[in-house]
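We name chains A, B, ... by the order of the sequence lines, and we start the count at 1 in each one.
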Amino acid sequence: MIKHEIEALILGSVRAAQHAGELPPLPVPEAPIERPQRPDHGDYASSLPLRMARAARMSPLEIANAIASQARSLAESTVVAQVEVSPPGFINIHLSPVWLALQVDTIIQEGASFGSMNLGEGRSLQVEFVSANPVGPIHIGNGRGLALGDTLARVLSAAGYEVQREYLVNDAGTQTETFAATLYARYQQLFGRDAPVPEGGYPGEYMIDLARRLKEERGDSLLRPEEEAYPQEVHDLGIQMILDGIRADLESIGVRYDNWFSERSLYAGGTYEKAMTVLRERGFVAQKEGATWFVSTAVGEEKENVLVRSNGAPTYFASDIAYHYDKFVLRGFERVIDVSGADHQGHVPRMKAAASALGIDPSRLAIIVYQLGTLKRGNEVVGLGKRTGEFITLREVTDEVGADAARYNFVSRSADSHMEFDLDLAKRQSAENPVYYVQYAHARIAGILIQAGERIIDYSSGDVSLLTHEAELALIRKMLRLPELVESMALSLEPHALPYYALELATAFHDFYEKCRVLSDDEALSKARLKLVSAAKITLARALDLMGMTAPERM
RNA sequence: GCCCCGGUAGCUCAGUUGGACAGAGCGGCGGUUUCCUAAACCGUAGGUCACAGGUUCGAGUCCUGUCCGGGGCGCCA
C-alpha cells in the first residue's frame, strides 16, 4: 500500500537525518503521515517536524528541511514526484502522475479483490450482532445493528480475517416465557376464553396473528384446562414461527448469518456449568442474600452482579458469560465483536470483567454499542429502542425505501450518533439520494463499457500512461484510497466512512465524465480511458459490496 | 445522585489517534443538454463548532465545570 511506503519513507528519512547528525536521536512520534485536506498540499503530508521541534530544540522548518532532503534522496523518483517543505513546518509529498496512471493497470489486475489485504492474517473472528429476542419481528432499531454488524463483517473479511457472523437465539430466558404466555393467552381468546395478556406481556397485533396460525395448524390441541399454564409446545412453536419471520426480515435487507446459536444449548451441553465452575474455582463467585453473585471487584468492576437469582434461575449475565466462554475457550475465536444497542450499555464493563475473570484477555473482546435515536414519519417521532406494543418493523422500511437505501442510511452514521431516520425523506428524496448518485456512477460506467463492447473495442492493450488529465488523476487518487480505508475501518471498527467514500468516488467519476470523453476518435486515448473507467467500476462495485449494496448495470 | 453517548450550515451528518482557510449530502437561489444515461454538471448564499474556563507553537478534537437531549444504573435482556 502506497501509504505505508510513504510512511516508511518519512521514518527512514528521519533515521537517516539522525545518523547524519542533522537531528538529535529522539524517539519519533506516532502517526508520521496524514492526508492533507487541500490538494496543493500534496498526496500525503507530515507534521512530524512541528511535533518534534520542542524536544529537538530546533525550529520546525530546520527539522522539515533535514527530513525532506533525506527523503528526496531516498525516494524513488518514479513514485514520488516532489517533496516540499511548507511553513510552519509541514512536509508535503506529491506522488508522480505517471505512477498514479500506472495504478490503473494494477487495480484491473487485482479485480474484485482490490481493497483486500492480509491485515488479519487469517485469524478467526466472530461478529455477533442484533441477536434480537425471538419474541417479535425485527424492528427498525435492529436494522441499524444489522447494517453495522454486517458491514463490519464484510470489512474485516476484506482485511484478511476469517469472519463468522452469528445470531444468538435467546430461547432460554424470561422474555420468551412471557412471550409464550402472551401467545397462549391470545390463543385461548380465539376459543372464547377470557384470558388476559399477562403483565409485562406483548400487546402487539402480531401476537394475535401468531395465535391464529397456531389455531390453523394445531386446532384446539394445544388447549389445556383453564387454570393450567401454557404447554411447552406453544413456547417452541411460537419461537419457531418468529424465527422464520426474522429470517425473512433479514433476507429483505440482505443479511445472512453463518451460525444461529441457541442459548438453550449452553445449558443442555454443559457449557453453562463449566463456565460457572471456572469462575468459582478462580474465586469470583459468592453466595449472598439467597442469590449467587459475580464478585468482580478483583478485576476492576465497581459493582457486583447476580449470576443466579434466588429462585434458582440464571440471569442473562450468567448466560452471556457461558456464551463467551463458549466463543473463546470452546470454539477458539481469537477475536470476538459484539454489536448491541445502547440499552445494553451497562452490560459492557461487567462482561469485560467477566472475560478477565475467565482468564480471557479482554482486549480480544470488542463490544460496539450503537446509540438508538429516533425514527420520523410525518410528524410522528418514534424511539428506536423501547420494547413497546407499537413499533416500526424493518420490513416496513425496506419495503418503502429499499434494502440499498436502508443500508446506506444506517451505515452512514457513526455508532455514537443518535441517528434520526426520516422515512418520508428517505423516500421522497429517492431521486436525489446519495444512494442513487453512487449507483448511477456505476451504471454510467457499465453503459460505456457496453458500448465499447458493441464497437468491439479491445482495450486490454490500452496505454494508461496517456491518462494525464487532472480529472483522470483525481479519480485515480480517489480509487487508491479504498485499501487505506478498509485498513483504517478494520482497525477502528467504524465503517461509517464507507458511504462518504463511495460518494466522493462517484463524484470524482461524474466530474471525469463531464470533462473527459471516453469513446472518441482518438483510439489510443479511448482505450486508456476505458481502462480507467473499468478500474473505477471495480472500485465502486467493491465499495458498494462492502456495504452490502447492489451495483446496478443500468438505471 | 452516578455512568455511557450526543450538541458542528435551514435539515441530516462527516471531520483521519491536536495540525494548514471547518466539510458533504439534501434543501434555497442562479445557470448548463444537437455530444458515451441531466438519477449528471457548474456557480452562489449559509457557521459564536451548545456555553464558560484551562492545557500549548497550534483545540471542533484533550482537561474541568455548566446547560440541553438520548440511553443505562446488583436477582429485565
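- At a threshold of 4.0 Å, the pair Arg477(A)-Glu470(A) counts as salt-bridged, since one of the basic side-chain nitrogens sits closer than that to a carboxylate oxygen.
- Ala497(A) comes within 4.0 angstrom of nothing in the nucleic acid, heavy atoms only.
- No side-chain heavy atom of Tyr316(A) sits less than 4.5 Å from a side-chain heavy atom of Thr174(A).
- Shown here is Arg35(A), whose CZ atom has more than 12 heavy atoms of other residues, nucleotides or ligands within 6.0 Å.
- Atom CD in Glu484(A) sits roughly 13 Å away from atom P in U17(B) (whole-Å rounding).
- Contact annotation for Glu289(A): base contact, defined as any heavy-atom pair under 4.0 Å involving a base atom.
- Remark: Ser492(A) is not in phosphate contact with U16(B), judged by side-chain N or O atoms under 4.0 Å from OP1 or OP2.
- One atom, OH of Tyr513(A), and another, P of C41(B), lie 12 Å apart when rounded to the nearest Å.
- Annotated as anti: C36(B), whose glycosidic dihedral deviates from 0 by more than 90°.
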Review item, nucleotides 67-69 of chain B N/O atoms under 3.5 Å of protein N/O:
unit_1	atom_1	unit_2	atom_2	d
G69(B)	N2	His418(A)	NE2	3.1

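- The CD atom of Glu263(A) sits 13 Å away from the C1' atom of C76(B) (whole-angstrom rounding).
- One atom, NZ of Lys376(A), and another, C1' of C13(B), lie 14 Å apart when rounded to the nearest Å.
- If Ala45(A) and Cys516(A) are placed on RNA chain B by their nearest nucleotide, the residue sitting closer to the 5' end is Ala45(A).
- With a 4.5 Å cut-off on side-chain heavy atoms, Val397(A) and Ile392(A) count as touching.
- Phe317(A) has its CZ atom 15 Å from the C1' atom of G72(B), to the nearest Å.
- Comparing A77(B), C3(B), C41(B) by their closest approach to the side chain of Asn133(A) singles out A77(B).
- Using a 4.0 Å heavy-atom criterion, one finds that Glu420(A) contacts the sugar-phosphate atoms exclusively.
- For Tyr437(A), taking side-chain heavy atoms from C-beta onward, the closest of the listed nucleotides A40(B), G19(B), G15(B) is A40(B).
- Heavy atoms from other residues, nucleotides or ligands lying under 6.0 Å from CD of Gln82(A) number more than 12.
- With rounding to whole Å, His41(A) atom NE2 is found 17 Å from U16(B) atom C1'.
- Side-chain proximity of Tyr316(A) to the nucleotides G19(B), A77(B), G74(B) is greatest for A77(B).
- The separation of U17(B) from C21(B), taken at their C1' atoms, amounts to 24 Å, rounded to a whole angstrom.
- Residue Asp511(A) has its side chain nearest to C41(B) when only C13(B), C41(B), C3(B) are considered.
- Using P as the reference atom, C3(B) and A14(B) are 25 Å apart when rounded to the nearest Å.
- The residue Asn311(A) sits apart from the nucleic acid: no heavy atom pair falls under 4.0 Å.
- OP1 or OP2 of A77(B) sits under 4.0 Å from a side-chain N or O of Thr174(A).
- A distance of about 15 Å separates the C1' atoms of G54(B) and G58(B), rounded to the whole Å.
- Aromatic rings from Phe294(A) and Phe317(A) are positioned such that their centres are separated by under 6.0 Å.
- When the P atom of U17(B) is taken as reference, atom CD of Glu494(A) falls 10 Å away, rounded to whole Å.
- Spacing between G60(B) and C49(B) at atom P, rounded to whole Å, works out to 8 Å.
- Salt bridge status for Asp338(A) with Lys327(A): present, with a side-chain N to carboxylate O gap under 4.0 Å.
- Residue-level contact check: Gln451(A) touches the backbone only, with heavy atoms under 4.0 Å from sugar-phosphate atoms and none from bases.
- Within 6.0 Å of CG on Asp521(A) lie no more than 12 heavy atoms contributed by other residues, nucleotides or ligands.
- Separation of the P atoms belonging to G19(B) and C63(B) is 15 Å when rounded to the nearest angstrom.
- Looking at His344(A), its side chain never comes within 3.5 Å of a backbone N or O of Ser340(A) through a donor-acceptor pair.
- A close approach under 4.0 Å does occur between a side-chain nitrogen or oxygen of Arg444(A) and OP1 or OP2 of A38(B).
- Distance from the side chain of Glu34(A) is smallest to G19(B) among G19(B), C73(B), A24(B).
- Distances shown here put a side-chain N or O of Ser417(A) below 4.0 Å from the OP1 or OP2 atom of A14(B).
- For G58(B), the glycosidic angle deviates from 0 by more than 90°, giving an anti base.
- Both thresholds, 5.5 Å between centres and 30° between ring planes, are not jointly met by His344(A) relative to the base of A77(B), so the two rings are not stacked.
- Among the atoms of the strands shown, base atoms are found under 4.0 Å from some heavy atom of Arg35(A).
- The side chain of Asp343(A) approaches G71(B) more closely than any other nucleotide in the set G71(B), C13(B), U16(B).
- In this model, the phosphate group of A77(B) is not approached by any side-chain N or O of Tyr323(A) to a distance below 4.0 Å at OP1 or OP2.
- Closest to the side chain of His510(A), from the set A40(B), A14(B), G70(B), is A40(B).
- Of the candidates C41(B), G71(B), A20(B), the closest approach to any side-chain atom of Arg38(A) belongs to A20(B).
- Among the protein residues, Leu503(A) comes within range of the sugar-phosphate backbone only, with heavy atoms under 4.0 Å from sugar or phosphate atoms but none that close to a base.
- At distances below 3.5 Å, not a single donor-acceptor pair connects side-chain atoms of Arg280(A) with backbone N or O atoms of Val285(A).
- The side chain of Gln345(A) lies closest to G71(B), out of G71(B), U12(B), C36(B).
- Within 6.0 Å of the CD atom in Gln287(A), the count of heavy atoms belonging to other residues, nucleotides or ligands exceeds 12.
- G71(B) atom P lies 21 Å from atom CD1 of Ile367(A), rounded to whole Å.
- Donor-acceptor pairing under 3.5 Å, judged by distance alone, is present between the side chain of Asn92(A) and the base of A20(B).
- Nucleotides of RNA chain B nearest to Gly447(A) and Pro314(A) differ in position, and the one nearer the 5' end is that of Gly447(A).
- Distance from the side chain of Arg517(A) is smallest to C35(B) among A77(B), C35(B), U16(B).
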Q: Fill in the dot-bracket string of RNA chain B, one character per base: . for unpaired, | for a pair to another strand, ( ) or [ ] for pairs within the strand, taking Watson-Crick or G-U pairs under 3.5 Å.
A: (((((((..((((.....[...)))).(((((.......))))).....(((((..]....))))))))))))....

Q.
Between Arg444(A) and His510(A), does the side chain to side chain donor-acceptor pair (under 3.5 Å) criterion hold? Intermediate values first, please.
A. CA-CA 9 Å; Arg444(A) 258 186 163 176; His510(A) 286 309; 3.1 Å; yes

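- Residue contacts shown for Thr292(A) are absent, as no nucleic acid heavy atom lies under 4.0 Å away.
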Q: List the steps and the verdict of salt bridge (charged side-chain N to carboxylate O under 4.0 Å, His left out) for Glu484(A) and Lys3(A).
A: CA-CA 7 Å; Glu484(A) 295 178 13; Lys3(A) 179 190 168 193; 5.5 Å; no

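- Under the 4.0 Å criterion applied to side-chain N and carboxylate O atoms, Glu553(A) and Lys537(A) are assigned as salt-bridge partners.
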